[in-house]
Each structure stands twice: as structure tokens, then as C-alpha cells.
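The next block holds one structure in the form of C-alpha cells; read it before the comments.
Keep in mind that what you see is a predicted model, and the values were worked out from it rather than measured.
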Amino acid sequence: MTMESSVVAGSEPTVEPRGFELIEREGLETNLLEVSMGPHHPSTHGVFRMDVKLDGETVTELRPVFGYLHRNHEKLAEDMGYLGSMPFTDRLDYFCSMTNNWAYALAGEKMIDLEVPERAEYVRVIMAELTRLVNHIMLVGFFVNDLGALGTPLLYALREREKILDLFEWASGARMMCNYMRFGGLRNDLPEGWLTKCREVVDAFPYFLDEYEKLLVENEIILVRTQNVGVLKPELAINAGITGPMLRASGVNYDLRKVDAYGVYDRFPFRVPMGEVGDCYDRFMVRILEMRESIKILRQAMDELPEGPIMGEAPRVFKPPAGEIYGRIEGPKGELGFYLVSDGTAKPYRYRVRPPSLVNLTVLEDLCLGHKVADAVVILGSVDIVLGEVDR
Amino acid sequence: MLVQFANWVQGELACSPALAKIVGILLAAVPLATVFALCFAFTTWLERKGLARIQNRIGPNRVGPFGLFQPIADGIKMITKEDIVPRSSDHFFHLIAPLLVLVSSMACLAFIPFGLGMTMSPIDTAVVFFFAILGMNTLAVFLAGWASRNKYSLLGGMRAVAQMVSYEIPLVLSAVTVVMMVGSLDTREIVGAQVVEGWATSENSGLRFLGQIAGWHVFTPWGFAGFIIFFIAALAETNRSPFDLPEAESEIIAGYVTEYSGFKFALFFLGEYIGAFAVLGLAITLFLGGWNGPNFQPWWSSDPHALLIPGFVWFFFKMFVLMAVLIWIRGTLPRLRVDQLMSFAWKFLLPLALVNVFVAGFLFHVAKEDRVWASVAAFVFLYLVAKGLSRMNQSDAPAPRKYHFAE
Amino acid sequence: MPVSDETPVDLAPVLESFPSLEVEKGTGALITQPALVLEVVQFLRDDPRYRLDYLSNVTGIDYLATVRKEKRVNEEGKTEIVKIDEPPRMDVVYHFYSMSEKRGLVTLKQRITDRDRPVATSLMPLFRSAEFQEREVYDLFGIDFQGHLDLRRLLMWEEFEDFPMRRDYVEPDDYEYEPTPHGEVLEKAKTHAGLGEGGSEE
Amino acid sequence: MDLLGSGIFKGMAVTLKNFAMTYFDRGRKERLPTVQYPEAGDTVTLFTRNFPFLIYDGEEEVDGMRCVACQICERECPPACIYIVKEKDENGKFVKRPKVFDIDVSVCMGCQICVEVCPFDAIVMDSEFEYSKEDRFGDLLFNRDELLKSNDYYHKIHPEEAQARDANLAAKKAADEAKKKAREEKAAAAAAAKAAAEKEASEKKDSPEASEPVAEEPKAEPAAPSENHAKAESEAKEKPAAEETPVEEPAAATDETEDAKEESSGGSEGKETSEEPEETAGSGEDDEKKAEEGEGVS
């Protein structure tokens with residue numbers, strides 16, 4: 001594989017080739033073992049590839065390679081109206097279609113100065129926090145699966161996720177590709193009885209979490225496998241633009257729900273769990289603790305859910321004035337931003353998704369160097385990527 | 001029954017000793033192969049069902065009642081599947097490796113006494129032979145990894161060698177205690193030593209009942225520690241979770257079996273399970289009283305050695321219980337990392353096994369009279385040693401953490 | 001409506017220190033030349049009045065040569081529509097926030113006038129988060145980032161030649177045959193079927 | 001660490017509990033959520049959506065079709081999986097019915113945008129999900145007749161939604177009727193003046209009455225050619241004015257504004273995309289004429 005980039009318009013880019021070197025050890029002449037983990041590897045979370053160079057089992061170099069799922073979402077969006085991109089945002093991070101919808105709706109609403117009815121805001125919070133539960137529970141499941149636990153925690157996670165997906169289906173018509181939010185509100189109101197069922201699910205969730213923690217948190221094997229593995233220093237985390245639970249696991253307090261207080265998040269008192277070491281265990285625990293906070297928010301939001309319309313005075317097809325906007329929310333994986341540039345027509349001139357998964361991958365090599373292959377898989381699991389979002 | 005049948009056939013063929021010998025071997029080997037192939041089929045079913053229930057699924061339930069015929073369906077699938085051999089692999093060794101795994105595992109079974117007089121190859125040095133042949137497994141696995149010409153296979157093969165060689169030492173050392181105490185390498189004698197003779201043949205049915213259990217080595221301090229060490233090492237030796245690194249699917253696809261398909265893969269599968277049976281069989285023989293179990297005097301017989309439940313029933317019962325534990329462990333635990341696995345073997349299991357040998361020697365030679373107190377002291381001592389060892393190994397002992405929250 | 005609690009950022013100090021910076025009308029973005037961008041960003045990052053330590057988003061925008069219409073008041077006091085020729089250009093857009101001070105948002109644009117050979121300055125020496133995102137811009141827009149340590153294609157495959165996010169990108173004419181209700185696609189595909197490569201079996 | 005491997009034993013207790021609980025009735029509900037699919041029923045909910053279908057009222061499939069081939073869904077469909085050709089009668093005039101209405105369900109992503117944009121409640125989402133077919137391509141391209149399903153079926157799968165839609169349609173019809181009546185009166189009154197004004201209009205400007213936006217109701221007869229022409233011109237003037245306002249009228253308002261929005265969006269789209277079916281070329285007019293054709297149907 002050539003390390004050089006293809007020559008393009010403009011002068012040749014400066015590339016420092018990180019070569020393939022022979023290492024001498026006690027008279028033995030050995031080569032590094034170059035392994036291409038992926039794109040069809042059981043635990044690369046989709047079609048993702050890590051070009052790994054191994055010294056024995058120790059990772060000496062790791063290059064993430066992706067784009068296998070690339071469909072140029074941004075180009076597609078430039079070719080259709082603002083609303084037309086909404087169902088495509090579902091497919092970015094297919095675990096979290098609700099938050100993706102919200103982020104896009106938020107950007108669009110900023111652009112044309114739309115008011116969102118209060119009930120819609122509350123329902124959005126409920127949906128977003130349910131999505132956070134889904135995402136984190138699946139992440140923890142897959143994470144432990146990457147540790148080699150033969151899927152038992154994963155299947156428990158799937159079992160719980162199923163209940164939430166049923167709720168999504170009931171409200172929006174689809175389990176994963178919800179396409180539920182609209183500029184200025186929601187597509188439809190919650191059906192009758194939904195809230196009761198949702199309360200049931202949310203009330204049962206802490207019991208499940210207790211059991212889950214009992215199964216995993218004190219397990220010695222998980223402790224030795226994850227503690228002090230893949231330590232991310234807060235300075236590097238900030239510099240590399242890491243967001244979401246991964247950043248907070250490194251001890252940086254930056255939660256957009258607090259910082260931006262978009263929607264009605266300023267009305268919910270909740271805490272933001274912080275890690276101290278920034279290793280895989282912290283990333284894993286911060287997510288579990290975040291789920292508990294999400295449940296608090298959910299309970300409060302369901303209690304205070306006001307009556308009223310769910311859709312404001314919003315046009316379905318609109319032409320925003322020329323300008324640009326950057327709207328962001330705290331997605332379950334990190335800061336999900338939508339950057340929209342309008343030239344005054346009904347289609348966005350430029351539509352950009354700021355994918356948290358992609359940016360969080362930046363530090364993958366830094367985290368993995370010096371660890372074993374098995375750790376590389378675990379670290380990748382703790383970074384939490386979804387290739388639909390990374391590749392777009 | 002089979003034994004009697006074999007004896008009868010041999011008697012009939014007494015005229016030509018060579019033929020009789022061949023027929024005798026066949027008569028012993030064929031049932032062994034059939035019975036354990038059936039056991040394998042049943043275990044795969046049990047494993048799939050058990051894991052499914054542990055994971056809150058239903059498991060196979062379409063083929064036959066409760067999915068009982070699933071192994072047969074799987075077998076047919078395996079046989080009819082295309083056998084893919086990588087072009088650049090070493091074809092000969094690629095073919096030989098699965099056979100070798102199966103053969104070595106099967107051969108190990110020859111030394112296990114399944115019941116009274118049901119040892120296929122009753123020799124004096126059975127335990128030594130057992131470990132010698134079991135060692136061949138390692139070679140076969142590495143051969144598979146090497147011959148496949150795949151980086152994952154190679155990694156898996158190397159992991160297998162490292163792991164199996166390291167864990168063989170605590171495995172053997174824990175068996176050594178038993179050999180020391182019994183004073184014999186013959187598996188039949190080891191089983192016999194675990195019956196409290198006086199009780200087992202007494203008139204009192206209660207004592208008789210207990211007599212079959214009370215002598216199990218697992219109830220002695222050195223036996224208990226030995227059994228645990230043996231069990232953990234056996235997990236590693238048979239590549240079972242949480243030591244299934246050579247075929248760790250989340251890291252190296254399927255390790256040394258990555259490039260195997262169809263019937264060769266089935267052979268690996270079979271070989272691994274048979275290997276597990278063999279090692280568990282040895283564990284039962286060494287520590288769990290072999291084919292002895294709580295038993296009753298049959299009402300039709302007054303022979304003090306007669307038993308109501310045949311020995312092999314007890315043996316297979318114990319084997320499936322241990323197998324269920326393996327499945328349970330597999331359904332619960334994540335996998336260790338390579339370096340942790342090795343340090344666990346060398347820094348924890350090996351010293352503990354050595355200490356255990358000393359404890360066994362101490363109990364055997366020094367504290368013959370005061371047995372109860374010596375036993376308790378030995379238990380405590382072994383526990384403290386184990387704890388101290390684990391402390392020593394983990395200077396920064398991983399522990400659950402406390403987290404703080406930002407408002 | 002969706003409010004941001006972050007402190008709005010006063011752009012005056014940076015404009016003072018770098019007089020050549022412009023503020024874009026309408027969007028309030030800082031516009032800088034590629035030559036200056038590293039200094040400006042370093043200033044924004046390290047100056048205590050900014051401390052923009054978090055580079056959130058990097059992207060490109062491609063502008064083709066267009067004629068822009070603008071209403072202007074001429075000397076006689078009448079509004080008239082003036083046609084302005086906009087030269088083609090490319091922008092690399094950076095969105096900065098401050099994690100430590102909870103400040104934001106500052107948008108910075110590198111304006112590249114030479115659209116045929118776009119060369120920008122990489123922010124990778126200052127911000128690791130630029131690594132993948134600038135690679136993506138390079139991949140999709142063909143903007144060459146000077147100073148980027150590992151500038152390769154990110155999403156498209158290495159042999160891919162064009163830059164799909166450019167506005168004048170023409171999609172390759174390599175449809176595979178597949179029954180579709182869209183007649184013109186079908187026609188195009190049929191012409192390919194005879195050509196062998198790229199066509200399909202049917 | 002108080003006891004060696006205590007965490008491991010805790011975990012094993014959890015799995016043992018889960019194992020055991022699956023055999024009890026209470027646990028079965030909680031811990032054995034598997035649905036034995038072909039035997040057990042599906043779990044279709046109120047809004048469950050999969051792929052769209054076309055509704056017809058009454059018994060006759062084609063005649064009762066609600067779709068009038070206005071092509072809004074075709075334009076709005078994000079993955080562009082809808083393909084519509086309008087039907088013509090013998091005279092080459094358009095009938096308010098699609099001749100071809102294809103949905104490529106292998107492309108369709110079930111987003112429901114077509115349902116939302118349809119002003120006639122003619123296309124709705126199905127909850128059917130068993131679509132396995134033998135032919136990957138042909139069988140998954142649903143044509144008009146495959147897509148047509150009765151309103152009764154819709155009532156069966158999504159009762160509440162169907163009732164709401166029916167009510168909506170009825171209300172709309174009533175409103176249309178009233179409007180039609182009013183317009184007929186108005187037209188009668190203005191008929192004489194219009195005839196005179198028409199001459200002027202051909203040279204100069206339209207009469208002020210004609211330039212106000214007139215939305216034609218769906219079920220109305222095609223207007224007379226002369227009237228049509230006048231309206232086309234009036235619309236040509238109206239449109240740029242509509243485009244200047246950046247944000248258009250809200251959607252969830254009366255049907256009049258809705259119709260107006262369709263007009264403008266339809267008109268502007270018609271201008272931008274030249275992929276309008278070439279049948280319109282028969283009339284030999286320019287853009288305005290095309291837009292008007294689109295109007296005439298809606």
C-alpha cells in the first residue's frame with residue numbers, strides 16, 4: 001500500500017511517509033506484521049478497516065481506513081429541498097435517528113427563525129433521551145462483546161433496546177428510521193397511551209441497569225482489560241475536538257445540553273458524569289452513569305409534558321434568506337452539528353454534517369499505540385463509532 | 001455389559017490371539033467413538049440451548065422436538081459444504097491438522113475409566129500418557145495456524161502454543177498432587193483410592209451412600225486447590241472461554257480455524273469438544289471420584305460391591321455437569337488479554353500449584369495424626385497464598401471507581 | 001429561537017491585531033488569506049480574550065463564477081439593481097468554540113481565490129481535530145492543505161480522480177443496468193451494456 | 001477486592017438468574033422477548049409504515065383513484081423512487097389520473113414524505129412488510145395496479161389515521177363546493193366585463209380581478225381554454241411576487257392557502273426542472289403554459 005497521496009490540483013502535499021522499517025532484535029531480523037483488520041472484521045462495527053502494524057501482538061502503527069459506506073450525503077442534500085434531507089439524516093447514525101433529526105431541525109429552525117411549540121420541545125427531549133439510552137446501552141453491549149463476552153450483555157442490551165424501539169415505532173411509525181421531527185415541530189403527536197407505556201419502560205430501566213452493572217462493573221476480567229487501556233489526556237481530547245461521553249470520560253466538563261441549553265434542556269436539573277483517567281473503563285462507566293441521568297430527565301419531561309400543538313407555524317417548503325447557520329446538539333456520540341449555507345433558494349447551497357464519530361476517530365491511533373491487538377479492538381469499541389455517520 | 005460382551009467375543013476367538021486382539025480393540029474403540037460422537041452432538045445442542053437461555057433467547061427449536069435434531073442438521077450442513085483450501089496454504093498440513101486434533105483428543109479418552117472395568121487402555125502410567133498425548137493437540141493447532149497462511153491464523157496458532165504450553169504446567173502439577181497422594185499413575189487406582197473402603201462396603205446404607213463421596217480428593221485442601229487449578233488450566237488447555245484467545249472472534253476472526261470450512265472445520269469442532277471431554281474426564285478421575293457416586297445396595301444382590309446405579313452413569317452425569325459449568329462460564333465472562341493470560345499462568349497458577357504440591361507433601365508426611373486441624377490450616381494457608389499472589393501481581397489493583405458529577 | 005448561552009464573541013481585538021482580516025457581511029465570519037491563517041488561529045487560540053481551544057467543524061464551500069445582483073442606492077438616491085461579477089472561489093470554513101471559557105461561535109473562512117489550483121494552509125499543526133476533516137475537504141473539494149502531515153483521500157477510494165463536492169462536478173457516466181422507472185437512466189445504462197466494463201451481465 | 005474473583009461470581013449469578021427466569025411465566029414476558037415470527041402475529045402499531053400505496057374510493061379501482069397525477073410526490077420524493085406519467089384521453093387532453101404510477105420499492109425508504117406532501121390524501125403508507133419476491137428487480141417495481149388498495153383496507157390497517165383523512169377530505173370537498181358556488185356566481189357577474197377586458201389584456205395588462213390568485217379545486221371541470229389562457233398570464237405575473245417572499249404561507253392552514261402553496265411550489269419547480277413530461281409539448285406553449293397544465297390538474 002502506498003502511503004503517498006495522489007497528486008491533485010495544487011502543489012504536492014507534504015507527506016511524511018511513515019515507513020515500514022526493519023527492527024533488529026538480539027541478532028534476529030524480524031519484520032513487523034502488517035494486518036488489515038477489516039473491512040469485514042467481526043468487531044470493527046461495520047465496514048471499517050484498521051491497517052495495523054504489529055510487533056508480536058503490540059500495535060506499532062494503526063491507520064483507520066473508511067469510506068466504504070460513503071454515499072456523499074452532503075451532495076445529495078444540496079440537490080433537494082430542505083425537508084427532503086430529513087429522512088436521510090436518519091441514516092447517518094442509525095442508532096440515533098431522533099437526535100439526528102433534531103440537530104437538523106434545529107439548524108433549519110435557526111435559519112428561518114421558527115418558533116417550536118412547547119409540547120414539541122418536550123417530546124423532542126423525551127425522544128432524544130430515549131435515543132441516548134438506546135445508543136449507550138448498545139454501545140456498552142458491543143463494547144463488552146468486543147471484550148469477548150460472547151454476546152450475553154449485548155443480547156440483554158438488545159432486549160432493552162427493543163422496548164424503546166417499540167416506543168419509537170408507536171410514535172413515529174418506524175423503529176430506527178424515525179423521520180419524526182420537522183422544522184418547527186414534530187410530524188405527529190404522540191398516540192394515546194404512549195406516555196403510559198413510556199413511563200413503564202423508563203421505570204423498568206433502572207432495574208435493568210442495576211443488573212447490568214452487577215454483571216459487568218465489578219467483573220475482574222473487565223477491570224483488568226479496560227482500566228488504564230487507551231488513556232486519553234484531556235489536553236489532547238480538547239485539541240482533537242473530541243466530544244460527547246468520550247470527552248467527559250477524560251474529565252472535561254463540556255455537555256452541550258448544559259452549555260448551549262438548546263430546546264428546553266435548561267429546565268431539567270441533571271448531572272454530567274465525569275471520568276478522571278480517560279481510559280476505556282471511564283468511557284464505559286460514564287455512559288452507564290449518563291443513562292441514569294437520562295432517566296431522570298425523562299421522568300421529569302414526562303411529568304411536565306404540556307398540552308398544546310406539536311407543530312408551529314412552519315412551512316413545509318421554504319426558502320430561507322441567504323446566509324449560513326451552524327446548529328449543533330449533544331448527540332449521544334458527541335457534538336452533532338449541521339452547517340447550512342443558503343443562497344436564497346429552496347435548496348441548501350451547502351449542507352454539512354459535523355459527524356462526532358469521525359472526529360472522535362482522530363485519536364484512535366494515539367490511544368492504541370503500544371497496546372495489544374485485542375486492546376485496539378476494545379478501544380475502538382469504546383470510541384463508539386457508527387459507520388453510517390463516519391462515512392456519510 | 002459391553003465389557004462382558006467383549007470378554008465373551010474374545011473368549012470365542014481365543015483360538016487366534018492376534019485376531020482376538022484386533023477385534024478386542026475394535027470392540028472397545030467403536031463404542032468409544034460412537035458414544036463420544038453422540039456426546040458431542042448432545043453437548044453442542046446443550047451449549048446452544050444453554051447459552052440461548054442465558055442470553056434470554058430460545059435457541060434452536062425448529063429441527064425436531066426442542067431442536068434436538070439440530071446437531072444432525074448441522075452435521076449434514078457441514079459435510080455438504082464446500083471445502084475451501086487457500087491456494088497458498090500448505091495443503092498437506094492444512095489437511096493433517098484437523099485430523100491430528102481429533103486423533104490426539106480421542107486417544108486421550110483411552111486412559112479414562114468410565115466405569116468399573118471400562119478403561120479402554122488400562123496401563124500403569126495412564127496419567128503420563130494422557131498428558132503426553134494431550135500435548136499433541138498444541139502441535140496440531142499450531143500446524144493449522146501455520147498451514148493456513150493467514151495472518152489471523154498465524155496469530156491464533158502462536159497464541160495457542162503460548163497458552164497451551166504455559167497452562168500445561170499447572171495442569172500437570174495439580175495432577176501430580178493426586179499422583180503423590182495415591183502413589184500410582186494408574187487412573188483405575190486413583191479412582192479406587194477415592195472410595196472410603198470401610199464405609200462403602202458396610203452394612204449401613206447411609207455410610208455406604210457416603211462412602212462413595214467422602215473420599216473424593218476435591219474434599220481435601222490440596223485436592224480442592226488442585227481441582228480449581230486443574231479446572232482453570234483445563235479451560236485454557238481446551239481453548240474455552242474466558243481463555244479462548246486462539247480463536248478470539250472479536251480480535252482475530254476465528255484464529256487458527258479462520259481458513260477452515262466444511263468438514264475440516266467440523267473435525268476441529270469435534271476434536272475440541274472431545275478434548276474437553278477428555279480433560280474433564282481426567283478431572284473427574286483425579287478429583288471427583290471417577291465413576292463413583294452416591295449409590296445404593298441393589299435389592300436383588302447381597303454382594304457388598306454391587307451398585308444400583310452403574311458407574312458410567314455417574315461418570316457421564318459428572319461430565320455433563322462440568323460441561324454445563326463451562327457453558328455457563330462461556331455465557332458470562334469476557335476474554336482475557338494475551339499478556340494477562342500468560343502472567344496469570346506463570347505468576348499465579350504456577351506458584352499456587354507448587355505451593356499446593358508442598359502442602360500435599362506436608363499433609364502426607366507430617367500431619368498424619370491431626371488430620372482435621374491440619375486440613376483447616378492447609379485451607380487457610382492456601383487461601384492466603386492465593387490472595388497474596390493476586391496482590392503481588394497487580395500492583396495497581398484494578399478496582400471499581402467512584403465518579404463525580406459536574407452540575 | 002434556540003438560544004445559545006455561550007458568550008457572544010467580540011471580534012474587535014482580533015481585527016485590531018490583524019488589520020487585513022475582513023468580516024463577512026451577513027454571516028459575521030472572519031475572512032482571511034491562507035497565508036495568514038495560522039497566525040490568526042494561534043492568536044484566537046492563545047489570546048486570553050478568546051481562548052478558542054476547540055475547533056469544531058471544518059468544511060469547504062465551492063463558489064463558481066456567478067453574477068450577483070445587489071440593490072444599491074446610487075448617487076441620485078434611487079435604488080437600482082447592480083450586477084456584480086463574482087469570481088470563482090473556494091472557502092474553507094472553520095467553526096471555533098472555547099471549551100474552557102464556554103465561548104463561541106467564531107467562524108473563520110480561508111478564502112482561496114485560485115479555484116483551479118486551490119491551496120490552503122492546514123490547521124493541523126495547531127488543532128488535531130483538523131486532521132480528518134481537512135482530509136475530507138481535500139478529498140471532496142480538492143483543496144490542498146499545506147502543512148498537513150497525512151493528506152490522503154479519506155472517503156473516496158485512492159484511485160478516484162475527481163472531487164465530488166465541487167459544484168461543477170459531473171457524475172461519471174457509468175450506470176449499471178438495473179430496471180428502474182427512470183427512463184433516461186435506463187437508456188444510459190443500455191448504452192453501457194455493450195461496452196463491457198462498467199456495464200453489466202444483463 | 002475482598003474475595004478472589006467475587007466480581008466474576010456476581011456476574012455468574014446474574015447469568016444464572018437470567019437462565020432460570022426464562023423458564024418461569026413472569027420471566028418469560030420479561031426475559032424471553034423472542035417472537036416466533038411466522039406463527040406469532042406481527043406487531044403493527046398505529047403509525048407503522050413501510051411502503052406507500054394508492055387509495056381508491058368505492059369499488060372501482062381505477063375510477064375511484066384519488067390520485068390526480070399532480071406529480072408533487074414525484075418531485076418531493078427524496079430517493080426519487082416514484083415515476084408518474086399522466087393519462088390522456090383520445091383528444092390528447094390530460095385526464096386527472098396517472099397512466100403510469102411506479103414505485104421502486106427497492107429504492108423507497110419509507111420516509112413518508114410523499115404522504116405528507118400529497119394534497120389529495122391519495123397516497124398513504126402501508127403496514128404490510130412481507131415483500132419477499134423472486135425477482136430482485138422486476139417484482140420490486142410496483143406499478144399502479146399493484147399499488148392500488150381500497151380505502152377499506154386503509155381503514156383496517158390505520159383506522160384512526162384513515163378517519164382523520166376522510167374527515168379532512170370531506171371538509172375539503174365541502175369547502176370546495178362552497179367556493180365553486182361562489183366562483184360561479186362571481187364568474188357569471190364578471191362574464192360580460194371579462195369579455196371586454198380580454199381585448200385590453202391582450203395588449204396591455206390583465207384586469208385586476210383576474211390577477212388575484214385563483215386556486216382551482218381538485219374535482220372541478222377543466223376550465224374553458226380562453227379562461228385558462230387568461231389565468232396562465234395572471235399566474236405568470238403572480239409567481240415572481242410569490243417567490244420574493246422567502247418564507248411561504250404555513251402549511252397547516254385552510255385548504256386555500258395549501259392550494260396556493262402547491263401552485264407556487266409546483267410552478268417554480270416546473271420552471272427549474274425541465275424534466276416535465278414531454279406530453280405537455282403538444283400544447284406548444286412555453287413555461288407558463290406548462291405550469292398551467294400542472295395547475296389545471298391540481
Side-chain angles (χ1 to χ4, degrees), chain A residues 2-6 8-16 18 63-64 66-67 70 72 74-75 78 106 109-110 113-116 236 238-243 247 252 254 258-263 266 322-324 326-328 335 337 339 341 349-350 352 354 358-359 361-363 366 391-392, chain C residues 1-6 26-27 29 53-62 93 95 97 99-100 102 104-105 107 114 116-119 126-133 136 138-140 142-161 163-165 167 169:
Chain A
T2 54
M3 293 297 161
E4 270 177 284
S5 65
S6 52
V8 288
S11 64
E12 200 150 342
T14 46
V15 179
E16 279 179 9
R18 299 187 227 176
R63 284 159 175 278
F66 38 85
H70 180 54
N72 222 333
E74 295 173 8
K75 187 88 176 172
E78 286 172 14
L106 194 80
E109 284 153 10
K110 265 188 179 177
D113 260 337
L114 271 181
E115 196 74 39
V116 182
L236 177 63
I238 294 176
N239 192 257
I242 309 298
T243 43
L247 176 73
V252 182
Y254 195 70
K258 292 275 188 201
V259 174
D260 273 8
Y262 58 92
D266 46 350
E324 59 179 54
Y326 182 64
R328 55 178 195 162
E335 173 184 324
Y339 174 55
V341 179
Y349 186 81
R350 180 83 178 89
R352 150 90 178 161
R354 190 253 184 218
L358 173 73
V359 183
L361 268 181
T362 313
V363 291
D366 304 58
D391 294 346
R392 280 159 296 138
Chain C
M1 189 278 319
V3 271
S4 174
D5 280 1
E6 299 198 337
T27 60
D53 50 6
Y54 166 42
L55 167 57
S56 166
N57 182 34
V58 182
T59 190
I61 311 179
D62 182 19
V93 187
H95 290 101
Y97 286 93
M99 274 189 188
S100 48
K102 309 272 189 289
L105 148 81
T107 313
D114 186 3
D116 297 325
R117 290 170 68 82
V119 181
L126 295 175
F127 283 101
R128 267 300 291 284
S129 51
E131 182 181 352
F132 279 6
Q133 301 195 61
E136 189 188 321
Y138 159 78
D139 187 1
L140 302 179
I143 297 174
D144 182 10
F145 285 92
Q146 294 288 311
H148 196 287
L149 295 177
D150 188 19
L151 199 62
R152 292 174 293 134
R153 281 202 177 270
L154 185 80
L155 298 171
M156 309 301 287
W157 53 101
E158 275 151 32
E159 295 79 18
F160 192 80
E161 276 168 1
F163 304 107
M165 281 303 285
R167 295 298 285 197
Y169 172 75

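Looking at Thr107(C), only its side chain comes within 4.5 Å of chain A, counting heavy atoms on both sides. Proximity to chain C is limited to the side chain of Glu335(A), based on heavy atoms less than 4.5 angstrom apart. Proximity to chain C involves both the backbone and the side chain of Phe66(A), based on heavy atoms less than 4.5 angstrom apart. Contact of Asp391(A) with chain C is made through backbone and side chain together, with heavy-atom distances under 4.5 Å. Contact of Leu361(A) with chain C is made through backbone and side chain together, with heavy-atom distances under 4.5 Å.
Among Leu105(C), Thr59(C), Val93(C), the one residue that satisfies the side chain to side chain contact (heavy atoms under 4.5 Å, CB included) test with Tyr326(A) is Leu105(C).
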Quick one: do His95(C) and Arg352(A) satisfy side chain to side chain contact (heavy atoms under 4.5 Å, CB included)? Show the steps, please.
CA-CA 12 Å; His95(C) 290 101; Arg352(A) 150 90 178 161; over 6 Å; no
Go through the steps to decide whether Met165(C) and Glu78(A) satisfy the test side chain to side chain contact (heavy atoms under 4.5 Å, CB included), and finish with yes or no.
CA-CA 10 Å; Met165(C) 281 303 285; Glu78(A) 286 172 14; 3.2 Å; yes
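The candidate with the highest count of non-hydrogen atom pairs below 4.5 Å against chain C, out of Val341(A), Val252(A), Thr243(A), is Thr243(A). By number of non-hydrogen pairs under 4.5 angstrom with chain A, the leading residue of Ala29(C), Ser56(C), Ala130(C), Pro164(C) is Ser56(C). For the options Asp53(C), Leu155(C), Asp139(C), heavy-atom pairs under 4.5 Å to chain A are most numerous at Leu155(C). For the set Leu140(C), Val58(C), Asp114(C), the count of heavy-atom pairs under 4.5 angstrom toward chain A peaks at Val58(C).
No donor-acceptor pair closer than 3.5 Å links the side chain of Tyr254(A) to the backbone N or O of Ser100(C). With hydrogens and angles disregarded, a donor-acceptor distance shorter than 3.5 Å links the side chain of Arg128(C) to the backbone of Thr362(A). Arg350(A) contributes a side-chain N or O that, together with a main-chain N or O of Gly60(C), makes up a donor-acceptor pair within less than 3.5 Å. Using a distance-only test at 3.5 Å, with no hydrogens or angles considered, a donor-acceptor pair links the side chain of Asn239(A) to the main chain of Leu126(C).
A distance of 8.0 Å separates CD1 of Ile242(A) from OG of Ser129(C), quoted to the nearest 0.5 Å. Taken to the nearest 0.5 Å, the CZ atom of Arg152(C) stands 4.5 Å off from the CZ atom of Arg63(A). Between the CG atom in Leu247(A) and the CE atom in Met99(C) there is a gap of 4.5 Å [rounded to 0.5 Å].
Asn57(C) has its side chain out of reach of Arg328(A): every pair of non-hydrogen atoms, C-beta onward, lies at least 4.5 Å apart.
The shortest heavy-atom contact between Gly241(A) and Tyr54(C) is CA-CE1, 3.7 Å.
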